[in-house]
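Structure first, then comments.
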Amino acid sequence: MISSLTGTVQAVSLNTAVLNVNGFGMLVNATPGTLSTLHQGREATVHTSMVVREDSMTLFGFATTEERDVFEVLIGVSGIGPRTGLAILAVHTPEEVRIAANTKDTAAFTKVSGIGPKGASRIVLELNGKLVPTGAPVSSASASAAGGSASVWEPQVIEALTGLGWSEKDATATLKALSKADPEIVATGNVADILRAALRSMSSANRAR
């Protein structure tokens with residue numbers, strides 16, 4: 001079992017990244033939040049979970065062990081495959097997933113594309129007792145950890161969004177709209193949380209078109 005990879009980032013795309021580990025190009029699937037921390041040409045470490053099927057072995061990479069651990073619990077639920085587990089963690093932090101499971105908040109899971117009310121009900125039922133809140137803050141208000149001022153985090157978020165295929169114009173417009181619609185999350189300066197919120201906003205806008 002491969003539990004982590006450390007190497008030079010060769011490429012970052014919409015859903016995956018390639019890390020050069022001792023000459024081997026290792027492809028990992030990851031959430032936008034994790035991918036936003038990876039930069040081509042730089043060394044990085046990702047915590048991984050390997051999913052083995054009859055015809056494939058796929059690596060899923062995460063920025064933290066907590067995210068990986070929640071992912072592995074999620075894919076143990078019937079009907080939740082690795083892609084759906086990754087999609088849940090693209091929308092919610094690990095602690096938010098724990099809280100939703102513990103409080104039977106089906107609405108939190110229906111925010112994830114592809115999960116309807118029935119699926120969400122099954123998820124909270126099967127997660128009962130398997131995921132409990134740790135008491136960690138849902139979002140970090142630490143300016144030093146998150147990047148602090150907009151002059152620091154905004155270019156990082158825009159870079160992540162453009163790296164994921166959005167235009168710089170759309171990314172900038174989304175952040176301006178997000179500042180008005182959800183000033184609290186923007187005030188945290190947390191790059192990963194702001195990126196998640198921006199992606200939710202952009203996905204909702206696309207579905208509305």
Side-chain angles (χ1 to χ4, degrees), residues 9 11-18 28-42 44 46 60-64 66-67 70-71 74 83-97 99-100 105-116 120 136-209:
V9 180
V12 180
S13 64
L14 188 61
N15 301 305
T16 63
V18 177
V28 294
N29 296 263
T31 64
T34 295
L35 292 170
S36 72
T37 68
L38 305 178
H39 303 281
Q40 192 170 352
R42 299 183 189 177
V46 292
F60 293 85
F62 305 93
T64 65
E66 171 69 4
E67 193 174 22
V70 169
F71 170 80
L74 286 171
R83 303 295 177 186
T84 302
L86 209 62
I88 291 172
L89 287 167
V91 174
H92 300 296
T93 66
E95 187 68 5
E96 287 170 344
V97 175
I99 292 171
D105 183 5
T106 57
F109 291 104
T110 58
K111 291 179 181 178
V112 180
S113 178
I115 298 179
V138 171
S139 61
S140 171
S142 170
S144 60
S149 66
S151 62
V152 175
W153 65 256
E154 189 170 357
Q156 294 181 48
V157 175
I158 290 175
E159 180 183 358
L161 290 171
T162 54
L164 292 170
W166 304 95
S167 70
E168 185 173 345
K169 179 180 178 181
D170 286 344
T172 302
T174 296
L175 291 184
K176 287 183 179 179
L178 188 64
S179 296
K180 296 179 181 179
D182 198 346
E184 291 185 1
I185 197 166
V186 171
T188 68
N190 187 293
V191 173
D193 287 347
I194 295 171
L195 178 60
R196 284 192 189 92
L199 287 168
R200 285 197 292 264
S201 176
M202 295 172 103
S203 296
S204 297
N206 277 350
R207 286 197 295 269
R209 290 175 183 172

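Note that the structure is a prediction, hence the values are computed from the model and not measured. In what follows, every heavy atom counts, from backbone to side chain, and hydrogens, waters and symmetry copies are set aside.
Taken to the nearest 0.5 Å, the NE2 atom of H39 stands 6.5 Å off from the OG1 atom of T37. Residue R196 holds its CZ atom at 7.0 Å from CD of E96, rounded to the nearest 0.5 Å. Remark: R200 CZ to I185 CD1 distance equals 6.0 Å, nearest 0.5 Å. Separating the OG1 atom in T174 from the CD1 atom in I194 is a distance of 13.0 Å, to the nearest 0.5 Å. The OG1 atom of T16 sits 6.5 Å away from the CG atom of N29 when rounded to the nearest 0.5 Å. In this structure, CG in L74 is found 6.5 Å from CZ in F109, a value given to the nearest 0.5 Å.
Heavy-atom minimum distance, L199 versus P32: CD1-CB, 3.1 Å. Across every non-hydrogen atom of V46 and G61, the tightest pair is CB-CA, 4.4 Å. Scanning both residues, A198 and L175, for their nearest heavy atoms gives CB-CD2, 4.2 Å. Residues A17 and L38 approach most closely at CB-CD1, 3.7 Å, considering heavy atoms.
Using a 4.5 Å cut-off on side-chain heavy atoms (C-beta onward), E168 and I158 make contact.
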Worksheet item: Can you list the steps and then say if V70 with I88 is a side chain to side chain contact (heavy atoms under 4.5 Å, CB included)?
Response: CA-CA 10 Å; V70 169; I88 291 172; over 6 Å; no
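A search for salt bridge (charged side-chain N to carboxylate O under 4.0 Å, His left out) contacts involving E66 returns R98, not counting sequence neighbours. Residues that satisfy the ring pair (Phe, Tyr, Trp, His ring centres under 6.0 Å) test with F71, not counting sequence neighbours, are F60, F62. Taking the side-chain contact (heavy atoms from CB on, under 4.5 Å) definition, one finds that T31 meets it with T34, E67, L86, L89, A90, sequence neighbours left out. With sequence neighbours excluded, the residues that form a side-chain contact (heavy atoms from CB on, under 4.5 Å) with S179 are V186. The side-chain contact (heavy atoms from CB on, under 4.5 Å) search around D105 returns A100, T103, A107, A108, not counting sequence neighbours.
In this structure, S201 contributes its side chain and A197 its backbone to no donor-acceptor pair below 3.5 Å.
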